[in-house]
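Structure first, commentary second.
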Amino acid sequence: MKHHLQEIISTALSTLRADGTLDCELPDIQIERTRDRSHGDFACNIAMMLAKFAKRKPRDLAEQIVAALPQSDSVAKVEIAGPGFINFSMAPSAFQAVVEQVLEAGEAYGRSTIGAGKRVQVEFVSANPTGPLHVGHGRGAAYGATVADLLAVAGFQVHREYYVNDAGRQMDILATSVWLRYLDVCGEKLEFPSNGYKGDYVWDIAKSLQQDAGETYRHSATDVFTDIPADEPAGGDKELHIDALIARARELLGADDYRKVFDKGLNVILADIREDLEEFGVAYEEWYSERSLMESGAVDKAIERLQTSGHVYEEKGALWFRSTDFGDEKDRVVVRDNGQKTYFASDIAYHMEKIERGFERVIDVWGADHHGYVPRVKAALQALGDDPSKLDVLLVQFAILYRSGEKVQMSTRSGSFVTLRELREEVGNDAARFFYVMRKCEQHMDFDLDLAKSQSNDNPVYYLQYAHARVCSVMRQLEEKGFSYEQAVGLKQVDKLTESHEQALLVSLSRYPEVVEAAALEHEPHVVAYYLRELANDFHTYYNAHQFLVEESSLRNSRLALILAVRQVLANGLGLLGVSAPESM
RNA sequence: GCCCCGAUAGCUCAGCUGGAUAGAGCGUCCCCCUCCUAAGGGGAAGGUCAGAGGUUCGAAUCCUCUUCGGGGCGCCA
């Protein structure tokens, strides 16, 4: 409908230009849904926009535009109001036709082709595989998955990807943590490093390792700890302590066995993450390994490309990328003086590789704590001759957890955190998915665990699901009451839908495609959540005000057609958010 | 110190990218099941849109400054 109005206004403006009434640039034609019904259904501010350039009074201009509008069956009334708004009232038939559009399209109602098949990559979660996902990752998972699904519905070709940080120091700390716990399981007496991963899952991995391999990797605690610098609690430095232990693990185990222990930890945790996300309704096209990037030489290639293009220099034994040339606040190290490539180096390679794979848009969903990272990655893309505007980084603010009114401190390494799995089990996937996505991503989120865990009706997701279940319930009652439903009859009689509640519902249904499109393009799933709330509210109000299962066939069939359309849109919208649409509750 | 995000009803948040009288949920207070699920509906109260300037027909929305929160500023990942 919006689109139609844009067209007829555009025609009117062309007419005015042709006869010389207008001779200025034409801005985009903005059509808005009115807030107040007395202003019609849609409003256009074009006359006020043009008034400046045309040096004419907005209201006079509006009158000329209205006079030049072509005839349209779906427009019932056009009025000029306020400072120069052009208000459109649509013919009831235009809204009534929505019922058929919804029922015809079914699951496809709300889809569009605005993405034109463009290839978009969405990378999200990408948490280090050093432990189970916690509730902080849950927000990125729900948000990223929904943004990806929205883009798909809007006609983009979407590639969902998880970047697996299976290389680097954090993973070495995990491998060493697993090994030390394993030694403990084998009967060695040792002091666990304060900087190691202390979660229970490390014990589990260690026990599993012992079951698989017996004492193959066993060394005496004395051999392990001899000449290792003291840990922090003992007056030393925890970083030096853990690094020495990593080196010792490599030395005692040898490269092959170290890798086996390393991979044991990695694989167990990655499998857990994968299963966790799958159960959460989050699926990926690809799990992309950082290690493969190192081993394929892609990282070296990226550094070489920066070198040959002259964006790299050496200082104090390290190799630096001159990111300040591209607006970053300081230059960044890509190869340390000990010859180790930094995480940033593989990230440059990874993003270079993303562009090389031919994605027209690349979306990264990151935690807000990584925001300082954006300029340097964009700088790297620019230095490599790629277009940094292809990359969109969506920063998701933290979810601050509250339990019994107090903030929950989160730390992966100390093992004190609430896992995503734990949350899902207690709240349910539906509530968790919905809750995470209800707020726009740059908004801090207070996640009240007690509220979320309580199966109370405070939880907004039940309200939507209930609306869906209610429609299903009505349809179940149909036969019991000896009535029948014929869609063809209902669709022929949609002009019976004249009650104010029905009109409100029809308007809401007609908005759905606009809502989905806007949510997709702006990466804002929360607008879908808010929309569904309104639709459900319109329905519940209608339900209370009118009977659907009435004697009169034409009225009954048209009303049932309407509520079935509502059910369809609720199901489509809930599906987009990863929430189920139950038939009964 | 510099950078990012935020500040709207008692609480948690929307506000269609500058539009008409600023909206929901929860909480509080009234009311509605002889009726398709009351996990529902209707109504009331509740606001200096953090503050001060500016831009214009028009500002919660854009710009500047100030105040207050959260986060980030490693040859960590």
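In the text below, chain A, chain B and the rest are named by the order of the sequence lines, each starting its count at 1. Please read these numbers as outputs of a predicted model, since none were measured by experiment.
- Applying the side chain to side chain donor-acceptor pair (under 3.5 Å) test to every pair with at least one member in residues 315-324 of chain A, sequence neighbours left out, gives these pairs: A/Ser323-A/Asp328, A/Thr324-A/Asp331.
- Base orientation for B/C33: syn, the chi torsion being within 90° of 0.
- Taking the six-membered ring for Trp and the full ring otherwise, A/Phe124 and A/Tyr162 have centroids separated by 6.0 Å or more.
- Comparing B/C4, B/A77, B/A20 by their closest approach to the side chain of A/Phe85 singles out B/A20.
- Nucleotide B/U17 is shown with a syn base, its glycosidic torsion being within 90° of 0.
- Here A/Arg470 does not reach the OP1 or OP2 of B/A39: none of its side-chain N or O atoms lies under 4.0 Å away.
- Remark: aromatic rings of A/Phe326 and A/His311 are close, center separation under 6.0 Å.
- Of all the residues in residues 517-525 of chain A, A/Glu522 reach under 4.0 Å from RNA chain B with at least one non-hydrogen atom.
- Considering only the side chain of A/Gln477, B/C36 comes nearest among B/A20, B/A14, B/C36.
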Measure all distances between protein nitrogen or oxygen atoms and nitrogen or oxygen atoms of nucleotides 5-7 of chain B, and list the pairs falling under 3.5 Å.
residue: B/C5; atom: O2'; partner: A/Glu442; partner atom: O; Å: 2.7

I'd like a table of atom pairs between the protein and nucleotides 56-59 of chain B - only N or O on both sides, under 3.5 Å - with the distance next to each one.
none

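- The stretch residues 532-541 of chain A participates, sequence neighbours left out, in these side chain to side chain donor-acceptor pair (under 3.5 Å) pairs: A/Tyr463-A/Asn537, A/Arg470-A/His540, A/Ser508-A/Asp538, A/Arg511-A/Glu534.
- When the C1' atom is compared between B/A9 and B/C3, the two are found 33 Å apart, to the nearest whole Å.
- Atom CZ in A/Arg35 sits roughly 11 Å away from atom C1' in B/A60 (whole-Å rounding).
- A salt bridge links A/Arg33 to A/Glu514: at least one charged side-chain nitrogen sits closer than 4.0 Å to a carboxylate oxygen.
- Applying the 3.5 Å distance criterion, the base of B/A20 shares no donor-acceptor pair with the side chain of A/Asn45.
- Of the residues in residues 532-544 of chain A, those placing a heavy atom less than 4.0 Å from an atom of RNA chain B are A/Arg533, A/Asn537, A/His540, A/Thr541, A/Tyr543, A/Asn544, in numerical order.
- For the side-chain hydrogen bond (donor to acceptor under 3.5 Å, both in side chains) criterion with A/Tyr542, the lone passing option out of A/Glu499, A/His501, A/Glu502 is A/Glu502.
- Counting atom types as modelled, A/His371 pairs a side-chain N or O with a base atom of B/G71 as donor and acceptor under 3.5 Å.
- For A/Asp369, taking side-chain heavy atoms from C-beta onward, the closest of the listed nucleotides B/G74, B/G71, B/G40 is B/G71.
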